[in-house]
Amino acid sequence: MQRALSRSFVRPAPDVVIGIGLALAFAAVPFAAPSAYVLSFLLTIFMYGALAGSWNIIGGYAGYLSFGHAAFFGLGAYTTALLLFYFGWLPFLTLPLAGGVAALFAALIGYPCLRLRGPYFSLVTLILGLAMYALVLNLPFTQGATGLFLPFLKVDVYTSHVIFYEIMLALLVIVTAVLRQITRTKMGVGLAAIREDEDAAGTLGVNATRLKLQAFMLSAFLTGLVGGVYSYYKSYLDPSFVFATSISITIVLMALFGGRLTWYGPLVGAMTLSVVNEALTTQAPPQTARIVFGALLIGVIMFLPDGLMSIVQRHLPAFILRRAPPPNQTSGQVADPPPNQTSGRV
């Protein structure tokens, strides 16, 4: 009996223990009564960490670089805002609808868009993001360029900051957990095969069309959740911000900068570049941050395709170095030979 119990007990992985510890530490930050500025800054890091992680499902693991995730972010934001504005439904209760609307939009555009590859897919997603901005801007019930003014929580301002801080942290934990789990499943192996050689992956039994669409919808769903929370946090919704191309570019840059083949890379990129952005915004002339971020995006794509973690990973413990798995490193998932070594490669 004792042996059976000892066998049934599963010791949590070290990275899980570290992650839970960090999450609990950040969750306890409000008890130290920091300023509203500190809470707001940390909330921004959590938001971009969750957005970059959500993007990484399709952009990193599958290798389809989307520049239109601001569309999903904006759809989630407007779904919760409109339900609150017209019906009084709190976003905390309608968040699944926000994610669902974003995922539905991803399903509608995903099949035709995901038939494209490389720069063609990136260009189409960028155009779709701009199209959604134009659509929302001209719809009468969205209040157009006037924007939506949302009611505040019926608590004091500092308590409101704490509530949104904890919720955004919870979303970041959920997104990070999803990313880590994908690397351990058949889905992660299939996405890795698609990223390496999509044609060869099909010869190995990977249903690339279905798997890409599932990844695209999951990425959009999580992005919509973040947008839904952020719209209520800002209490004013303007299509020129939530559908801004700069949001999509920032998300992509953070994931690429941190390392898109790891589940922790987008979080590292979000933390690092959020600090850089805050320093440039407060200390440098206007528009400096956009110039620097644009230069960083070009530099990362050209000289650091595997991200910052490719430099520091050799100094990290082995249990942290869990990348999006290549097809030949998870038993029983796809097939033994990797796509670039199979005779069926096109």
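These values consider heavy atoms only, across backbone and side chains, with no hydrogens, waters or symmetry-generated copies.
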Open item on the list: Over 60° means perpendicular and under 30° means parallel, so tell me whether Phe149 and Tyr236 are parallel, tilted or perpendicular.
Closed with: tilted

Task: Test item: Trp263 and Thr176 side chains (from C-beta on) under 4.5 Å apart, heavy atoms - done: yes

Open item on the list: Is the ring pair Phe87/Trp89 parallel, tilted or perpendicular, if the boundaries are 30 and 60 degrees?
Closed with: tilted

TODO: Would you check if there is a donor-acceptor pair between the side chains of Thr80 and Ser231 at a distance under 3.5 Å?
DONE: yes

TODO: Starting from the C-alpha separation in whole Å, work towards a yes-or-no answer on side-chain hydrogen bond (donor to acceptor under 3.5 Å, both in side chains) for His69 and Ser219.
DONE: CA-CA 9 Å; His69 263 54; Ser219 178; 2.7 Å; yes

TODO: Please work out which of the three classes, parallel, tilted or perpendicular, describes the rings of Phe164 and Tyr232, given edges at 30° and 60°.
DONE: perpendicular

TODO: Tell me, please, which residues at least two apart from Phe141 pass side chain to side chain contact (heavy atoms under 4.5 Å, CB included).
DONE: Leu82, Tyr86, Leu139

Task: Results of salt bridge (charged side-chain N to carboxylate O under 4.0 Å, His left out) for Arg117 - residues two or more places apart only - done: Glu198, Asp199

- [ ] Look only at the side chain of Asn56 and the backbone of Ala52, and say whether a donor-acceptor pair between them is shorter than 3.5 Å.
- [x] no

Task: Whether over 12 other heavy atoms sit under 6.0 Å from Tyr37 OH - done: yes

TODO: Classify the ring geometry between Tyr230 and Phe73 as parallel (under 30°), tilted (30 to 60°) or perpendicular (over 60°).
DONE: tilted

TODO: With sequence neighbours excluded, tell me which residues meet side-chain hydrogen bond (donor to acceptor under 3.5 Å, both in side chains) with Ser246.
DONE: none

Open item on the list: For Tyr120, is the OH atom crowded, meaning more than 12 foreign heavy atoms sit under 6.0 Å from it?
Closed with: no

